[in-house]
Structure formats: structure tokens, C-alpha cells
Amino acid sequence: MNAPFYNKIKQYAEDNSVRRFHMPGHKGKADFGFDPIMKYDVTEVERTDNLYFPQDALAEAEKLAAKLFDVKTTVFCAGGATLGNQTALSFFQNKKVLFERNIHISAFNAAMLLNIEPVFVYNKTDKKTGVVLPIEAIEIEKALNENRDIAAVFLTSPNYYGLCADCEEIKKICTNHGAMLIVDNSHGAHLKFAGEGNDETVKGNHCADIIIDSAHKTLPVLTGGAFIHFNIDVKREDVSARMLAFGSTSPSFLILSSLDYARAWCEENGDKFKSTRKKIEAMKQRLTENGITVVSSKIHDPLRLCIAASNADEIDGELQKRNIMPEMCSGQCIVFMFSPFNSEEELELLEKTLIELAPEAPIETDGLSFPKTNFVCSPKDAYFGKTEETDVKDSVGRTAARSVIPYPPGVPILFPGEQITEQTANYLIKRNTEKVKVI
């Protein structure tokens, strides 16, 4: 495969004449129980490259990735979407950013440290299943009309349930209002390969100004590998400086080389996502015919299965006993993620087991995604101020000092600096939160 950085690291690692008097300390020889990969775990030396100052192979690998994803610039990242979100938001320090409420904690923490003023647009919830729905374009336009000084809009698409916003339409609205669009596309790096032409079901998110692909979630990449894509003019050294403000100066070359490998693999094997999609769509149809509630929307991730059931915890427990491991069980929903590396046998076993377990229909929910409240002090002041822990029932009127985060999906119910209202407290208690940190 044409994977210049991957091949460079592989060549260096497999050169048995090399004597390593550099980091890391295992020297490619320590027996950790997975020693075959140890020799490929190298660092920045003359014959490898440097993530923050890429010279040849890594620079070429990033250009090849940008071409594949049809963006202006791609930067490799070994710190996951967390570092990607931090880097993306660093371009909007001290400005006002519109966030959908269903954002990952990493995005909010970055905003807090960068003195970004967050403005929230609240997601709706599907009452039938309790699933948080993507933000609609009309909601973004309304919020931008009410806040003329918004510098950027930050969305999560797809969300953890595989539901996607119409980012193409939202991008047009942002452009008309002079705002940038940032998309946390953590769960959607593969969407580029799962659709055909102008497929309305699968609309990729690489139309945004900045896109963060947590590539390890859906592509053959080691955990922590991510792409940061730009459709705006940026200097690579400027992106490096911003990454360095948050990320490690010792990025994993195993992770970085796996990004290059995955890009090359996708170039040669992208159609395998389409064939996997057909199998999953057929499975979803059969599950629906057997009375199982499958969550979907007009624009969605076809390689994700989300079923809704009133006895989701019980179903999840039974699956775990049979060594069938879902991605997540939260509320009434169980989420499964697929890739071309799932075998036919695995797919057949999952389908057979779900039909056998017969998940019960979901119970209608209260339809509340997140309790609405206001910031009464800056998130940074609340987070780093003097805190105390109190019972949620006694917290009404107090100011949150820490996020309350069900994980997964890692989306906070409450942010530092927000006032705890009676509605907020009742919401937390209903979702089994007993204590909260306040200032």
C-alpha cells in the first residue's frame, strides 16, 4: 500500500542493524506480553519524523489523507478527538461559540480553558425511545439570528445513537451568518465510504470548516488516532502550536502510523463499507419484522445499530453473559457498532440472539433531553474555585462546580458555572445522581 509514514516506521523498526540509544526505554525488546509490536513503538529521531514539525513521510501522509477526505488540510493526531476538539476550538479563544447541548465533555472543557463564551441550542428527544435527536438547521438559524456575534457553531454528528444532523444545510446557514462550522465527527470517519453519490441517507460531514474524525472508532486505527481536517486556510506550524498547548510532546508513533495505514486501507478497500452496510440494513429489517424497535432517522450512520427496549439493562446483561459486547447501554437504548472487520458469523450470532431475547417495546419518556438553566458565573471560576459536595436534593440554587457526566456517551447533564434549578435537581435524581459538587 502507498502508506509513506507507515512504511517508514515499519522499515526503521524492522532494520535489525539499528542500535537504539533513544526513547522509549523498552528499546523494542521488553516483553510486555505483546512484544511483536514493541519494535514499532518508536519516537522522533532523524530517521522517523516529527508530528509537530513533519518533514517528508508524515507530511506526505497528511496530504494523501486530505485528498482522500476531500478537504484542504489534514493533520494527524495521537490524542483522540479530545485533542482534536481542543485544537479546533483554540481558533476561537475569547469568542462566542454556539454549541448544541449534546456535546462531549472534551469540547466544553476546551471552551472553558479558552475563555470561550458558550451559547447552547437544546436538542430535542424522541419521546418514544428517549434518544437525543440531532439539532435541526432551523434551530441553528434561529440561534444565530438571536446572537449576531457568534463566531462558530459546534455540532456533534453523528451522535452516539448514529443519528446525523444535516451538516450541508447547516453549513450554508453558518456561511450566511459569517460563522464557522465545526463538526465533532468522532463517530463518522467511515461515512465517506458508506454512501453512493448524492445518497440522502448518508451525508458526510466533511463539508464543515473544521472536522474532527476520531478515526479509531470506526476505521482500522489504534485507539487514540484521529484526523483534524480543515477547509479553511491554516498553516501547519500554527496547528502544531495549538496542539502542543494541550497535547503530549511524545505522541505515539504506533497510533500515527496506524492512521496512515488506515487511510491507505480505505483507499483500496472503501467498498467494503458499502457491502457491510447492505448486511446491516438487511439485519435491521429482519429485527424490525420481529418486533424489535430499531432507532433511525433520515440521515444516519448505516453501520450502527441502536435498539430501544424497556428492558435494555436486562438484554444487555444477557448479551454480556454470552460474550456479545455492545458499545453502550444507556437508558432504554443498546448501541452496536459495525465495521468490515466483523465476520458473517458474528453478525448472524448477534441477530439470532437479539431475536431470541425479544427486547420489549420501549416506554414513552418525558421527552426532556437536558434541563434548561443558565450560567451564573464563568465555567473556569466555578471549576477552579473552592468546592464542596452536597446532596442533589439540597443543591437547588447553588452553582455547579463540576460536570455531571454519564459515560458513555460522555455528554454532561450539568456544566460548571450553571445554576442548579429545581428542574435540574429532579432530572439528576431521576437519573440516579445523588451527589454534586458546588461552589
Can you see whether [X] engages [Y] through a side-chain donor-acceptor pair at a distance of less than 3.5 angstrom?
X    : Y    : value
E289 : Q285 : yes
E100 : N123 : yes
N159 : T156 : no
H177 : N145 : yes
T87  : S90  : no
N185 : D213 : yes
K171 : T175 : yes

According to the interplanar angle, ranging from 0 to 90°, do the rings of [X] and [Y] count as parallel (below 30°), tilted (30 to 60°) or perpendicular (above 60°)?
X    : Y    : value
F120 : Y122 : perpendicular
F273 : W265 : perpendicular
F69  : F227 : tilted
F99  : F154 : tilted

Close aromatic pair by centroid cut-off 6.0 Å: F253 and F5: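 Between F5 and F253, which both carry aromatic rings, the centre distance is below 6.0 Å.
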
Centroid separation Y40 to Y6 less than 6.0 Å: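 Centroid separation for Y40 and Y6: 6.0 Å or greater.
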
From [atom1] ([X]) to [atom2] ([Y]), nearest 0.5 Å:
X    : Y    : atom1 : atom2 : value
E351 : L305 : CD    : CG    : 10.0 Å
L303 : T276 : CG    : OG1   : 5.5 Å
K192 : N205 : NZ    : CG    : 12.0 Å

Check whether any side-chain heavy atom of [X] lies under 4.5 Å from a side-chain heavy atom of [Y], and answer yes or no.
X    : Y    : answer
D209 : I182 : no
L64  : P4   : yes
D301 : Y161 : no

Salt-bridge criterion met for E344 and K279 (N-O under 4.0 Å): yes

Electrostatic pair D238:K235 at N-O distance under 4.0 angstrom: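 So D238 does not pair with K235 through a salt bridge.
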
Working for salt bridge (Lys or Arg N to Asp or Glu O under 4.0 Å), residues E267 and R263: CA-CA 6 Å; E267 282 188 352; R263 187 271 316 155; 3.2 Å; yes

Heavy-atom closest pair, residues L254 and I37: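 In terms of heavy atoms, the two residues are closest at CD2-O, 4.2 Å.
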
